[in-house]
There are 2 protein chains.
Amino acid sequence: MATSAPDQLSPRAREIVAAARELLEQDGAAGLSMRGVAERVGIRAPSIYKHLPDKEALEDAIISDGFAELAAVFAPALAARDPLSELAAAYRRFASAHPHLYRLMTERPLRRERLAPGAEEAAAGPVIAAVGGDEHLARAVWAFAHGMTILELNGRFPPGADLDAAWERGIAAFRG
Amino acid sequence: MATSAPDQLSPRAREIVAAARELLEQDGAAGLSMRGVAERVGIRAPSIYKHLPDKEALEDAIISDGFAELAAVFAPALAARDPLSELAAAYRRFASAHPHLYRLMTERPLRRERLAPGAEEAAAGPVIAAVGGDEHLARAVWAFAHGMTILELNGRFPPGADLDAAWERGIAAFRG
DNA sequence: GTCTATATCAAGATAGAC
DNA sequence: GTCTATCTTGATATAGAC
């Protein structure tokens, strides 16, 4: 039986996780059902349980992959002339490209012990570095970026609102 | 049959909305079922439909009330010496006192046509005023406040993180 | 490792009697 | 305006045969 750390998944389990990721990105978390995942793989839902213990394990694997990908898009931004702006732009692009994945990654408490080790830190590190090591300021910046992102995904800004301008105002404020 | 604007609800419908609000605040949106609401009122679930068209109308009424309450706690903050800090503190207190209501109010697109007229504007106006009328900046500030709030509610900050400090850093940045 | 059959649960909403 | 009875849908997960 598969364990929960993503790196230790069997090849077949990874296929199932990949199918689940596709289904999530297409239909959102509400559409992510064991039946739906199984259908994409070409098997029946109960067969999934031979490879993964339960639906939570499936979600955790997707989330863990998401953090690794976020860390990967952050890495080059740190080397730019204006790291904070580049990080913000990368963050925004990531959420825009994978809105349902982004929701899954942020809308629930992290089960940190079930993620790939270091995945969260790899994504958080660049932000702390970009603000000069002040972790309080880094959290404020993250809150701003997440707020802009999730309020947009939730359709909470008025139609026609200039969100580029709002992002710029926020980044400018935090750049000091 | 009841219409959707909260002010036009019948007295019995208002009783049902009040019960729903209690249930929401206790169990969250996932626990807000028509059966559960009915039980609190002392009737059976199908009877609710004689007073409100569907579950969405129930939620819209709760959300509309929430905006009115948020506007009410904002009003005195505007008169303070440091309006931005006071607004942020009021926002944080509101969300902390009514976490499930806060989620319901922010996690989905607003059906603005079904809210009490002016409810959203009454809550947004003070923020715009506090930043000197710059709507882009106001959106950035709101995003920061929402980000801090929802990331805390979602349990996303590390245990022991000094969130007072993060709030202060953010407000300081936006105060300029 | 896959299947069928099933247990279990819970939800929103409607029909029609009273 | 309330009730009982029911429809319809959908979910996670288990048992046990092959």
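Residues from residues 29-46 of chain A placing a heavy atom under 4.0 Å of any atom in DNA chain D, listed by number, are A/L32, A/S33, A/M34, A/R35, A/P46. Annotation: proximity of residues 17-26 of chain A to DNA chain D (heavy atom, distance under 4.0 Å) is found for no residue.
Under the 4.0 Å criterion applied to side-chain N and carboxylate O atoms, B/R108 and B/E59 are assigned as salt-bridge partners. Using a 4.0 Å cut-off between charged side-chain N and carboxylate O, B/E168 and B/R175 make a salt bridge. The pair A/D134-A/R139 does not count as a salt bridge, with every side-chain nitrogen at least 4.0 angstrom from each carboxylate oxygen. The existence of a salt bridge linking A/R114 and A/E56 is confirmed by a sub-4.0 Å separation between a basic side-chain nitrogen and an acidic carboxylate oxygen. In summary, A/R169 and A/D162 do not engage in a salt bridge, as defined by a charged side-chain N under 4.0 Å from a carboxylate O.
The A/K55 side chain lies nearest to D/dA13 when the options are C/dG12, C/dT2, D/dA13. Across C/dG12, D/dT2, D/dA13, the shortest atom-to-atom separation from the side chain of B/Y49 is found for C/dG12.
Remark: B/E39 CD is loosely packed, at most 12 non-hydrogen atoms of other residues, nucleotides or ligands lying under 6.0 Å away. Within a 6.0 Å radius of CZ in B/R112, other residues, nucleotides and ligands contribute more than 12 heavy atoms.
Looking only at atom types and distance, the side chain of B/R21 has no donor-acceptor partner in the side chain of B/Q26 under 3.5 Å away.
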Between the protein and nucleotides 16-18 of chain D, list every N/O to N/O distance that falls short of 3.5 Å.
none

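When the C1' atom of C/dG1 is taken as reference, atom CG of A/L52 falls 13 Å away, rounded to whole Å. Atom C1' of nucleotide C/dA11 and atom CD of B/E59 are separated by 13 Å, given to the nearest angstrom. Note: CG (A/L58) to C1' (D/dA13) measures 14 Å, nearest angstrom. Note: CD1 (A/I48) to C1' (C/dT2) measures 12 Å, nearest angstrom. Between the C1' atom of D/dT2 and the NE2 atom of B/H51 lies a distance of 8 Å, rounded to the nearest Å.
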ring-ring contact (aromatic ring centres under 6.0 Å, His included) between B/H146 and A/F144, worked out
CA-CA 8 Å; B/H146 175 67; A/F144 162 71; over 10 Å; no

The test is ring-ring contact (aromatic ring centres under 6.0 Å, His included); show your working for B/F174 and B/W142 and say whether it passes.
CA-CA 11 Å; B/F174 283 113; B/W142 178 34; over 10 Å; no

Begin with the C-alpha distance, continue with both residues' side-chain angles, and end with the deciding distance and a verdict on salt bridge (Lys or Arg N to Asp or Glu O under 4.0 Å) for B/D164 and B/R92.
CA-CA 11 Å; B/D164 287 353; B/R92 198 180 174 190; 2.9 Å; yes

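At the phosphate of D/dC3, OP1 or OP2 sits under 4.0 Å from a side-chain N or O atom of B/S47.
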